[in-house]
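Inspection log for the structure reproduced underneath, given as structure tokens.
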Amino acid sequence: MPTFTHQGLTLHYRDQGSGTPVLLLHAFPLHGELFAPQLEALTASHRLIAPDLRGFGQSQPGPGPATMTTFAEDALALLDHLGIDAAVVGGVSMGGYAALALLQLDPSRVRALVLADTQMGADDEAGRARREEVAREVERDGMGPLADSMLPRLLAQPADSALEQKVRGWILSNPPEGAAAASRGMGLRADSRNILARFAGPALIVVGEKDVITPRAKADAMANVLSHAQVVEIPGAGHLANLEQPEAFNRALDQFLRSL
Ligand code: MLT
């Protein structure tokens, strides 16, 4: 996998296909392999770029909380490294939070948005406290308990056992330090309503029909503040719609990209 260096960290990414660049940012606590079904099916007609965010997959963790702005700065550095002025910027869940942080940092780099199983709101006080608990839990006990607690909420139930094993393996392969940093970083994120309201470009919002973490109402709320948004609900999918129902997800993404 190719790498680049940002703020002294070696960060890994996938870059396949040609055409309008599409940057895809993964969910917590996974890594860039989340987008394998898109890389397999869509790179005949599109260029997809899927990094391992810092502290996940093969990318090194940095110091302190990994804020969504930090992930966005890394992503902008990756676009610079690849000589890309503007990309379609997309993310699943935490990757969507990072995409919104990127939009805030530099809207000129965002040709269009793809927000999948994510939300524009910040955590409330209880949510922020829970982020710190998760961070301490992974630092103390490793990734196993987090995998156990998150898997039933990440995937529509009853989940296919091979898919569940795959996602469990991804979670367990990540360093606790990176997950703790990202959990704390998610707790620090601000509300992005105003950032979305200012965005005049096209947006595709995707949500799994059975997403219990960021359900349909969160998708509709984002669509309501955007000027050019379409919402696509993926039947039978949970929170990882792109992985659980790749054909339906890929169809929606392909149509959106072709419409730009
Ligand atoms: C994710 O899938 O990235 C996380 O569930 C997002 C979150 O916990 O807010």
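Note that the numbering runs from 1 along the sequence shown for the chain. Both ligands and their constituent atoms are indexed starting at 1 by order of listing. Everything numeric in this text was worked out from a predicted model, so none of it was measured.
Both L260 and L79 sit in one connected hydrophobic cluster of ILVMFWY residues. Membership requires side-chain heavy atoms under 4.5 Å apart, directly or through other members.
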Identify all pairs of nitrogen or oxygen atoms, one from ligand 1 and one from the protein, separated by less than 3.5 Å, and list them with distances.
from, atom 1, to, atom 2, distance (Å)
ligand 1, 2 (O), F28, O, 3.4
ligand 1, 2 (O), S93, OG, 2.9
ligand 1, 2 (O), H239, NE2, 2.8
ligand 1, 3 (O), F28, N, 2.8
ligand 1, 3 (O), S93, OG, 3.0
ligand 1, 3 (O), M94, N, 2.9
ligand 1, 8 (O), R131, NH1, 2.8
ligand 1, 9 (O), Y97, OH, 2.5
ligand 1, 9 (O), R131, NH2, 2.8

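Paired with D123 under the rule salt bridge (charged side-chain N to carboxylate O under 4.0 Å, His left out), one option of R131, R184, R128 passes, and it is R131.
Judged purely by distance below 3.5 Å, without hydrogens or angles, the side chains of T214 and H239 pair a donor atom with an acceptor atom. For the residue pair H6/D74, the side-chain donor-acceptor check at 3.5 Å is satisfied.
Residues F35 and H26 keep their aromatic ring centres 6.0 Å or farther apart. Here H31 and F56 keep their ring centres 6.0 angstrom or further from each other.
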